[in-house]
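Here the structure is laid out as structure tokens; the discussion comes afterwards.
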Amino acid sequence: MERKKNTGKNVVLIASIILLIAVIALVVLKISPNTKETIGTASSKQENKIEPEKPKEETTSASLIMVGDNLVHSSIYKEAHRNANNKGYDFKPMLRLIKEKVKNYDIAYYNQETILGGSKMGLSDYPCFNSPYEAGGNMLDAGFNLVSTASNHTMDRGEQAILNSRAYWDKQKDVLAVGSYQSFEQRDELQIRQANGITYTMLNYTYGTNGIPVPEGKEYLVNVWPTDLSINDPKRDTKYQAYKEKVKEDIKRVREKVDVLIVAMHCGIEYTKEPSAYQKDEAEFLAEQGVDLVIGTHPHVLEPVEWIDDTLVFYSLGNFISAQYQDENYNKTVGLMSSLRITKTTKDGKSSIKIDNVENEFIYTYYNQATWSNFRVIPFSHKDIVKYLPGYQKVHERYKEIVQMYDKDMVVVPAYSENVAHGDAS
């Protein structure tokens, strides 16, 4: 019995010693840095490692749509007068289908071909135009907010019409209208607009003023970059280069202050479907200066679209609306309504701009040729094109070839088809 008792005590003693050793080992494991380093070394290091923050990349985009010449002949403003019950001018019915398109875009450009001198000074038609303010106001109502005002018709009714026009545009909020001014100070003032965090501005020049001289010392009245210099002038090339330098200075003054720089060029040879040598030279020059987008007007017919390096060039958008005579090819009544996307990416404090999603849609100005009335502008993708332009599919194919003359991959929006679902306004 005593042996058994002694044996039990020994067992208890041994167990106590083992327990004590285990406790000491556990304490050592917890407090020893070497033990901590040994156990789970890889995972512990990973848990305690501070990863550097990755540079944030921010992206924003804006959409732009553009159309050509708003050429307001007398038959157009007379109909607008009737639309307003002879109390003012209402062009809205002519623009209804276009408004449905334009409302979806952040930036919307058009060229105001005829001067907006206002009805009080007397409206007039070719060759010296003057249009009512409503011809511009109804375009703004349709959603346009970017306007070029330098054309070969800017001087048609003299200095007062330009001052009237400038005063009108200066009253319009959230609209950038450039090309003709009240002073040198206003001409050189930096006008920057913003769309979804993307800053932009536009410069605008015309090739000439139909032989009507711009008053000396008042060159601010209209921006001229002449290409109609006399071929017999021995200083022709020198003069052209001098104007180039002036344009270069204008670009340099604004280029680094905006994300997107647009230049609207009113030049070319009327009614020709391929750009002139001067148009090509100007486009290449502007591309060299870092211009993002070149928008051409004046020929009254549409011309090709192409990329020159990173510069997108529309040589001529053609007419937006006019009462020019309609021939068998619809040359002066079919124009372009083109759109694109501008994307700005900012990383590490540096921004880059990308232009893509370029689409070109044809528009048709319909009017009753017997009565010179019932004007309306119709996109080729709208179902109404079937009613107002017989054979529109052939017309579409004809002008698609012109748009893609220099770039076969340039996107042309298909014409309306009864077999394809459309979301056009009725």
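No hydrogens, no waters, no symmetry mates; every other heavy atom, side chains included, goes into these values.
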Per side chain to side chain donor-acceptor pair (under 3.5 Å), Q112 is matched among D69, N70, T154, T149 by N70
R157 and side chain to side chain donor-acceptor pair (under 3.5 Å): which single residue from S124, S131, S165 fits?
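Result for side chain to side chain donor-acceptor pair (under 3.5 Å) with R157: S124.
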Might you point out which heavy atoms bring I198 and A62 nearest each other, and give the distance in Å?
CD1-N, 3.7 Å
Let me confirm one number: the CG-CG distance from L146 to N111, rounded to the nearest 0.5 Å.
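Between L146 CG and N111 CG, I get 10.5 Å after rounding to 0.5 Å.
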Find the distance between OG (S339) and OH (Y105) and round it off to the nearest 0.5 Å.
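The distance works out to 3.5 Å.
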Could you tell me whether Y110 and F144 have their ring centroids closer than 6.0 angstrom?
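Yes: the rings meet the under 6.0 Å criterion.
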Determine, for [X] against [Y], whether the closest basic-nitrogen to carboxylate-oxygen distance falls under 4.0 angstrom.
X    : Y    : value
K103 : E100 : yes
R187 : D250 : yes
D327 : K332 : no

Does any non-hydrogen side-chain atom of [Y] lie less than 4.5 Å from one of [X]?
X    : Y    : result
V305 : L336 : yes
H153 : I115 : no
K246 : W225 : no
N331 : Y325 : no
N138 : Y89  : no

K273/Y399 under side-chain contact (heavy atoms from CB on, under 4.5 Å): CA gap, chis, key distance, verdict
CA-CA 10 Å; K273 297 176 181 61; Y399 286 103; 4.3 Å; yes
Any ring pair (Phe, Tyr, Trp, His ring centres under 6.0 Å) involving residues 178-200? Give me the pairs, sequence neighbours left out, ordered by first then second residue.
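Counting only pairs at least two positions apart or across chains, the ring pair (Phe, Tyr, Trp, His ring centres under 6.0 Å) contacts touching residues 178-200 are F184-Y220.
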Which residues satisfy the side chain to side chain contact (heavy atoms under 4.5 Å, CB included) test with Y366, sequence neighbours excluded?
Y364, N368, N374, R376, I378, Y388
Which of V147, T297, I65 passes side-chain contact (heavy atoms from CB on, under 4.5 Å) with Y109? It is T297
